[in-house]
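Heads up, the thing below is written out as structure tokens.
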Protein chains: 2
Amino acid sequence: MVTLRDVANKCGVSISTVSRTLSNPKSVREDKRIKVLQTVNELNYQTNDIAKSLRKGKTNTIALIIPNIILPVFPVVTTGVQAFAKEHGFTVILSNTDDDAEQQKEIIEKLRKRMVDGFIIIPAENSGTHLKQLKKQNVPIVQVLRRMDPSIDAVIVDNFKGGYNATQYLIDKGHKEIALLNGAKMYFYKGRFEGYLQALKDNNLLINNPLIKHDANGVDGGYHKMQQLLREGYHFTAVFATSDLCAIGAIKAITQAGLRVPEDISILGFDNLDIGSMFIPGLTTIAHPALEMGYSASQRLIKIIQEGRILEPETIVMKTKILERETVANKI
Amino acid sequence: MVTLRDVANKCGVSISTVSRTLSNPKSVREDKRIKVLQTVNELNYQTNDIAKSLRKGKTNTIALIIPNIILPVFPVVTTGVQAFAKEHGFTVILSNTDDDAEQQKEIIEKLRKRMVDGFIIIPAENSGTHLKQLKKQNVPIVQVLRRMDPSIDAVIVDNFKGGYNATQYLIDKGHKEIALLNGAKMYFYKGRFEGYLQALKDNNLLINNPLIKHDANGVDGGYHKMQQLLREGYHFTAVFATSDLCAIGAIKAITQAGLRVPEDISILGFDNLDIGSMFIPGLTTIAHPALEMGYSASQRLIKIIQEGRILEPETIVMKTKILERETVANKI
DNA sequence: CTGAAAGCGCTAACAC
DNA sequence: GTGTTAGCGCTTTCAG
């Protein structure tokens with residue numbers, strides 16, 4: 001490995017002159033500067049960022065902690081995070097927790113030892129207390145997608161409003177009996193569910209419990225809960241699925257039962273995953289600005305790191321919007 | 001930040017004693033060991049891995065370089081890589097190149113400065129020469145999914161055989177006119193294409209050029225090329241799409257044209273992405289062991305790193321297999 | 001402008 | 001067993 005010393009020796013100058021040439025060229029006399037730069041090229045000198053990090057006390061690295069990398073929302077958030085980080089010279093280390101608080105804790109500790117400058121995290125369920133500890137130690141940290149601890153910066157979406165608007169949209173299309181397929185009892189599903197309830201109430205529609213199914217997680221969950229709904233035989237003309245994956249499972253169950261989407265049953269998803277547009281019919285959904293959320297979280301974190309002090313925690317709430325495709329029929 | 005020195009001072013021992021207690025406890029007398037360990041806890045001392053890396057000359061970090069993180073194959077490979085790395089105490093840094101050789105080069109240089117111990121790479125197209133340079137500098141590196149340089153370790157799949165078996169499978173089901181929807185002119189698509197040609201030849205079937213469409217990339221590519229095929233009106237009963245995404249686009253075009261899969265046209269994909277199983281009908285496909293490939297690449301790289309010397313380059317070729325679902329009809 | 005020197009936090013000889 | 005010491009490669013005072 002070529003070091004500053006090697007360059008210095010070869011040029012007959014001191015290490016500090018080489019260092020200066022690289023970090024602040026104007027502070028070095030021209031003839032030396034040229035010679036140094038030339039030697040740097042000749043020897044193909046590359047900075048050792050580990051040494052630099054040790055010396056400077058910062059690594060220009062941020063950690064992005066996500067539940068897993070297979071579920072399609074997370075790579076989108078990741079892309080957003082990386083985009084901003086890259087523009088500002090930060091490297092991002094990605095790790096996944098399998099949505100397990102214990103693993104999350106281990107990962108965070110490991111990365112702290114590696115001296116990452118800050119964390120962006122999609123917190124595992126029930127990992128609130130551990131996050132609070134980090135915050136106490138003044139570790140820069142931003143939550144994204146899920147806000148487990150309101151006293152820590154966060155970039156989220158108004159799930160309640162999203163659920164409310166989704167339901168209102170179905171109602172506006174003339175649907176009166178709207179089933180709900182909700183994900184596991186998690187932070188954001190809860191908000192979407194409550195939005196659904198409120199919209200029904202505000203429109204003086206009956207809340208029909210048999211039409212509400214929880215724990216419809218992912219494609220499989222949506223599929224099975226939809227089958228159950230169909231088997232039970234209560235009447236409904238539309239389904240609000242609180243995730244796109246769930247919606248896709250529901251469509252599968254409906255199609256297999258010999259019914260048509262949207263002619264017999266309308267489906268509305270949530271998330272706007274890429275795959276929603278790959279289906280026939282294209283999935284109508286509530287678009288979640290996952291890319292922007294990642295970008296924005298990255299922006300916020302890097303700001304905190306660069307200010308070098310604790311800022312007043314801030315929650316950025318992004319807007320959802322309805323993306324109309326072909327799975328919702330107009331009943332009016 | 002709490003350092004070894006802080007612990008040492010508080011215990012009244014030397015820094016080295018604390019260091020030893022942590023790395024090789026038996027080499028320290030019991031009373032001191034206990035006291036040190038207790039103080040470590042009390043002060044919540046955490047190793048500074050940056051300092052350790054600088055001193056030891058290795059970071060226990062590997063870089064995984066992929067074209068992008070949104071396309072569903074890559075997260076699967078990533079999961080495999082992380083699994084093995086984690087078991088062996090390595091952290092993985094993930095970066096994407098957008099399949100651009102220039103970006104790839106930049107990223108690699110940046111990560112080398114960070115002193116990663118090695119690279120696993122899904123090389124961008126035409127990035128062969130740069131890889132060779134790395135190899136020359138004795139940087140541990142393993143290619144996965146794509147082998148741009150045969151002189152560097154690689155974990156790949158026999159794409160030729162995969163394409164051959166795919167086509168043979170359709171022939172065995174009684175199909176004689178088999179269209180091909182091939183991805184961009186990339187390394188692995190080429191192999192799949194050649195396998196297709198060879199299988200037709202070996203079965204004395206006509207190679208009908210109008211039925212062969214290249215550049216059918218991703219869902220959109222598959223969709224448009226399929227539309228074109230349908231418009232042109234040549235007869236065929238089956239389509240071999242060289243990627244699942246392409247197959248999904250093709251199904252969309254077929255369905256929109258009022259035809260049925262598989263009754264009117266059979267479809268066979270390649271990759272076995274999760275989303276293939278979400279559709280109705282479920283996509284029959286050539287399963288690509290992406291998870292295992294990632295795992296195996298990680299294993300190989302870490303072996304190279306730990307041996308600390310250059311091993312004879314080795315190419316591990318994994319097997320594909322046919323995953324029968326519902327998009328291929330039996331014509332016999 | 002430039003060089004010498006201290007030191008980031010750690011490990012690993014080397015003496016005792 | 002244990003402490004002292006010399007660095008890993010870099011940046012950054014501090015003198016000159």
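Note on naming: letters A, B, ... go to the chains in the order of the sequence lines (proteins, then strands), and numbering restarts at 1 for each one. Just so you know, these numbers come straight off a predicted model, no measurement behind them.
Between B:L301 and B:G118, the shortest heavy-atom contact is CD2-C, 3.8 Å. Residues A:Y189 and A:A184 share a closest heavy-atom pair of CD1-O, 3.1 Å. When all heavy atoms of B:V142 and B:I304 are compared, the pair lying nearest together is CG2-CD1, 4.1 Å.
A:L4 has its CG atom 15 Å from the C1' atom of C:dA4, to the nearest Å. Between the C1' atom of C:dC10 and the CG atom of B:N24 lies a distance of 16 Å, rounded to the nearest Å. Distance B:Q46 CD to C:dC8 P: 20 Å, rounded to the nearest Å. Between B:L22 atom CG and C:dG9 atom P the separation is 16 Å, expressed in whole Å. Atom pair B:I50:CD1 and C:dG9:P shows a separation of 12 Å (rounding to whole Å applied).
More than 12 heavy atoms of other residues, nucleotides or ligands sit less than 6.0 Å from atom NZ of B:K135. Counting non-hydrogen atoms of neighbouring residues, nucleotides and ligands closer than 6.0 angstrom, the CD atom of A:E307 exceeds 12 such neighbours. Environment of NZ in B:K190: sparse, with no more than 12 heavy atoms of neighbouring residues, nucleotides or ligands closer than 6.0 Å. Residue B:Q306 places its CD atom among more than 12 non-hydrogen atoms of other residues, nucleotides or ligands, all under 6.0 Å distant.
Heavy-atom distances under 4.0 Å link DNA chain C to A:L54, A:R55 of residues 53-63 of chain A, given in residue order. Remark: A:V28, A:R29, A:K32 in residues 28-35 of chain A come within less than 4.0 Å of DNA chain C through at least one heavy atom.
B:I50 places a side-chain heavy atom less than 4.5 Å from the side chain of A:I50. Counting only heavy atoms from C-beta outward, the side chains of A:D49 and A:N60 never approach each other to under 4.5 Å. Two residues are said to be in side-chain contact when any heavy atoms from C-beta on lie closer than 4.5 Å; A:D274 and A:P72 fail this criterion. Counting heavy atoms from C-beta outward, B:V81 and B:I62 have side chains that approach closer than 4.5 Å.
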Stepwise salt bridge (charged side-chain N to carboxylate O under 4.0 Å, His left out) test for B:D99 and B:R146: CA-CA 12 Å; B:D99 230 332; B:R146 306 178 184 169; 3.0 Å; yes

Audit row: A:K132, A:D149, salt bridge (charged side-chain N to carboxylate O under 4.0 Å, His left out) steps and yes/no: CA-CA 7 Å; A:K132 209 181 282 301; A:D149 184 334; 3.0 Å; yes

Worked verdict on B:E42 versus B:V2 for side chain to side chain contact (heavy atoms under 4.5 Å, CB included): CA-CA 11 Å; B:E42 230 168 85; B:V2 182; over 6 Å; no

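B:I15 comes within 4.0 angstrom of a base, heavy atoms only.
Fit an axis to the five pairs at each end of the helix from C:dC1-D:dG16 to C:dC16-D:dG1 and the two axes sit 50° apart, to the nearest 10 degrees.
Results of the side chain to side chain donor-acceptor pair (under 3.5 Å) test with A:Q103 over A:D98, A:N96, A:T97 single out A:D98 as the only residue that passes.
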Extract from the structure each pairing of a protein N or O with an N or O of nucleotides 13-16 of chain C at less than 3.5 Å, listing the distance.
from, atom 1, to, atom 2, distance (Å)
C:dA13, N6, B:R20, NH2, 3.3

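Annotation: ring pair (Phe, Tyr, Trp, His ring centres under 6.0 Å) contacts of A:Y45 (sequence neighbours excluded): none.
Reading DNA chain D from its 5' end, the first and the last nucleotide to sit under 4.0 Å from a heavy atom of chain B are D:dG1 to D:dG9.
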